[in-house]
There are 2 protein chains.
Amino acid sequence: MGNVIDIVAQRAYTQLVPTRVNATIVDVARSAGVSVSTVSKVINARYGVSERTAEHVRRVIAELGYESSLGARSLRSQRTGVLGVLVAEFEPFSTELLKGLGQAAEGSGYELLAYSGRIGPDPRYGWELRSLARLSGTLIDGAVLVTPTVSDPDYRIPVVALDPHAGSSSMPTIDSDSLTGAELAVNYLLSLGHRRIAMLAGRPDLNSAQLREAGYRRALQAAGIPVDPTLIEIGGFRPDSATAPARALLDRPDRPTAVFAANDLTAIRTIEVANELGLRVPEDLSVVGFDDVPDASQFRTPLTTIAQPLYQMGRLAMETLLRLLEGAELEESHLTLATTLVVRESTAPVPSR
Amino acid sequence: MGNVIDIVAQRAYTQLVPTRVNATIVDVARSAGVSVSTVSKVINARYGVSERTAEHVRRVIAELGYESSLGARSLRSQRTGVLGVLVAEFEPFSTELLKGLGQAAEGSGYELLAYSGRIGPDPRYGWELRSLARLSGTLIDGAVLVTPTVSDPDYRIPVVALDPHAGSSSMPTIDSDSLTGAELAVNYLLSLGHRRIAMLAGRPDLNSAQLREAGYRRALQAAGIPVDPTLIEIGGFRPDSATAPARALLDRPDRPTAVFAANDLTAIRTIEVANELGLRVPEDLSVVGFDDVPDASQFRTPLTTIAQPLYQMGRLAMETLLRLLEGAELEESHLTLATTLVVRESTAPVPSR
DNA sequence: CTGTTAGCGCCTTCAA
DNA sequence: TTGAAGGCGCTAACAG
């Protein structure tokens, strides 16, 4: 009975406000015959509401299928119960981290909001600052920044950097050992007899890319092989930006017998370019990547690569953030996980001439 | 000069409102010496501001690193430029879709917000209704629902269902052919000589699970093999819920020689359980999964499975949503993509006794 | 061209 | 125990 009346009232009201079909706290209050603030108290389990009233309000909330608007609520209250994962885009690397982040958040009582924002108008600020500014203080209680390129965003919510591309930072940080990983990669190629080893580097402005190039140089020098600067091209971490430099590396008479790429996506692109040029991998050319994203093993030429423990890194980052949220003080914690060599089918001993 | 003063003012103001360090539109207005509404007009490129003023305001915005709060803005304006991807959790399946969704959104001008919400207090409503209610109308202009279990959420923003688990729906829908895929899987096992083929089914309340079981039954019947009900256990799509039923299937004297699992995660779990019981896969037991998530090929026993074109499905869903946002009318569009058999190393001819 | 005013949905004092 | 009033940051009328 009361049911029918409520629903009719709801319908009529909806028609008056045609742009929204969602019930608001006002609808609940009206339908329950109480004030808005009483409903708010019930929702947030505040004191000062009789159990009888509270029960009635809860029933109306259920009937109307009411859920508080995250946007509106966050405007007023300090806490939203939502944690942000800020990424530049949803590609294999960030989504792999996302699984670990999600797993670690499970059971914490927090919900996860992964945000892939555009770059702001001012390129000095990276996408992460823009996203942080848009979400922090309002929508999210804390954030994990995935591969941020700035080191010290000064925001009031706890923030953890995951695989930061900038140098040292005051944020708690989780990353993996790029330097040793790169040495591992090049040493493996050396062990296969390669001597002309090229590098498809990352972005020179990013710390992780610098470390991978440093590892490349160091391994060569340790083997007594002089570094040939013409054998280093900038691939920029992205397939599209890697095409031309990969071709430059491979389309020359004294081409290298092996390429170490700064990440898997550009390594895969390198193999594609090699194939276009009529080169077989690994018979004519060995290629090693970095990251071990799922695509590396799924590619038609399964990629030999340096594995970052992405899932673990995600877990650790979220656990760190949760600890920060509990009030722990660990501002200077920088955790670097070990990288490992994963041998697949994109590498082979150097072809004999 | 003005700079220093501004910064000092900013600091003083910040101290008055210590919970927020982010600049607000009020800070910008104050610092630029104009009204809040003028700043708003500049931000939203509305008419009625002199270029001189606009330029000045833009400079102040840049100096302060101001970005409008997504939460506050969405409360007032119809459009936020953000699209939602609503998932139950970030696991291999949804993150794979996310890559396609993200790729298709690129260049559209929209930003992406992937939200993994908890289940609400009322279990009758799924997580997707709760998330929709929290975000729609305010934070997002449109949404893709990933594996929703309800068929007709009635919200005012355009919504596309991706791999819906409920039956037919009035929403535009993208999914793949579960029935044929299951037949493919079982027919392949039959071709290997298997006759005692078990099924680790999904959730009986979900349409996709029902279709996979129907395909299993149909393939057996077509081969003239009676369906043995004791060979069908409910695995529930999740590794944790699949452990016991997998064990029940394998820990019996007349155990099956092959298992078809309703998805990859439970197929992998089945292999793990088999190994614990001392069974080798595929020598003693063949296992086929469904989905072809990255984990399937990366598992130590690479999984034979039915591939859903997840990336493509993501792309299509986003393209559909974007078209809806442009005002296209395609409410009754249901797109079902073909599934394919991917043979890896978890299947072998039936062992001779 | 600019500023004032009135809310969006919600939470939080503060009176009643 | 309840409700009225104010305001979070922002946009959209409407005045000036």
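Not measured: the values here are computed from a predicted model. Only this structure's heavy atoms are used, side chains among them; waters, hydrogens and symmetry mates stay out. Here is the naming used below: chain letters follow the sequence lines, and residue numbers restart at 1 for every chain.
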**Q.** Distance, rounded to the nearest Å, where B/Leu75 contributes CG and C/dC10 contributes P
**A.** 9 Å

Q.
Return whichever of B/Val36 or B/Ala72 has its heavy-atom-nearest nucleotide of DNA chain C closer to the 5' end.
A. B/Val36

Q: Step through the shown structure and confirm whether more than 12 heavy atoms of other residues, nucleotides or ligands are within 6.0 Å of CZ on A/Arg58.
A: yes

Q: Please tell me if the side chains of A/Thr149 and A/Leu206 come closer than 4.5 Å, counting only heavy atoms from C-beta onward.
A: yes

Q) Does the base of D/dG7 carry an N or O that pairs as donor and acceptor with the side chain of A/Arg76 under 3.5 Å? A) yes

Q. Closer than 4.0 Å, any side-chain N/O of A/Thr38 to the OP1 or OP2 of D/dG3?
A. yes

Q) What's the CG-P distance between B/Leu139 and C/dC10, to the nearest Å? A) 12 Å

Q | N or O in side chain of A/Ser69 less than 4.0 angstrom from C/dG9 OP1/OP2 | A | no

Q | End axis versus end axis in the helix from C/dC1-D/dG16 to C/dA16-D/dT1, the angle rounded to 10°, five pairs used at each terminus | A | 50°

Q.
Expressed as a whole number of angstroms, how long is the span from B/Ile25:CD1 to D/dG7:P?
A. 18 Å

Q: Test A/Leu113 against B/Leu113 for side-chain contact (heavy atoms from CB on, under 4.5 Å), laying out the working first.
A: CA-CA 7 Å; A/Leu113 186 162; B/Leu113 184 163; 3.7 Å; yes

Q) Base, sugar-phosphate, or nothing for B/Val34, non-hydrogen atoms under 4.0 angstrom? A) sugar-phosphate

Q) Between C/dG9 atom C1' and A/Asn44 atom CG, what is the distance in whole Å? A) 13 Å

Q: Report yes if a side-chain nitrogen or oxygen of B/Tyr66 is closer than 4.0 Å to either non-bridging phosphate oxygen (OP1 or OP2) of D/dC10; otherwise report no.
A: yes

Q. Are B/Ser74 and C/dC8 close enough that a side-chain N or O sits under 4.0 Å from OP1 or OP2?
A. no

Q. So what does B/Ser40 hit on the nucleic acid, given a heavy-atom distance under 4.0 Å: a base, only sugar-phosphate, or nothing?
A. base

**Q.** SB check A/Glu111 B/Arg130 (cutoff 4.0 Å)
**A.** yes

Q: Rounded off to whole Å, could you give me the OH-to-P distance for the A/Tyr47 and C/dT12 pair?
A: 14 Å

Q: May I ask you to verify if any side-chain N or O of B/Arg46 is less than 4.0 angstrom from the OP1 or OP2 atom of D/dA12?
A: yes

Q: Could you grab the distance from atom CD of A/Glu319 to atom CD1 of A/Ile174, nearest 0.5 Å is fine?
A: 9.0 Å

Q | Separation between CD1 of A/Ile25 and CG of A/Leu64, rounded to the nearest 0.5 Å | A | 12.0 Å

Q: When you get a sec, tell me which of D/dA12, D/dC10, C/dC1 is the closest nucleotide to the side chain of B/Ser77?
A: D/dA12

Q) How far apart are the closest heavy atoms of A/Arg79 and A/Asp141, and which atoms are they? A) CG-OD2, 3.2 Å

Q: Could you tell me the separation between the CG atom of B/Leu70 and the C1' atom of D/dT11, rounded to a whole number of Å?
A: 14 Å

**Q.** Side chain of B/Ile43 - closest among C/dT4, D/dT11, C/dC10
**A.** D/dT11

Q. Mapping A/Lys41 and B/Val39 to their closest nucleotides on DNA chain D, which lands nearer the 5' end?
A. A/Lys41

**Q.** Spacing of B/Arg30 atom CZ relative to C/dG3 atom P, expressed in whole Å
**A.** 14 Å

(Q) By the 4.0 Å heavy-atom rule, please label A/Ser37 as base, sugar-phosphate, or nothing. (A) base

Q | Pairwise side-chain contact, B/Leu83 with B/Met318, heavy-atom cut-off 4.5 Å (strictly under) | A | yes

Q) In whole angstroms, how far is the P atom of D/dC10 from the CZ atom of A/Arg73? A) 21 Å

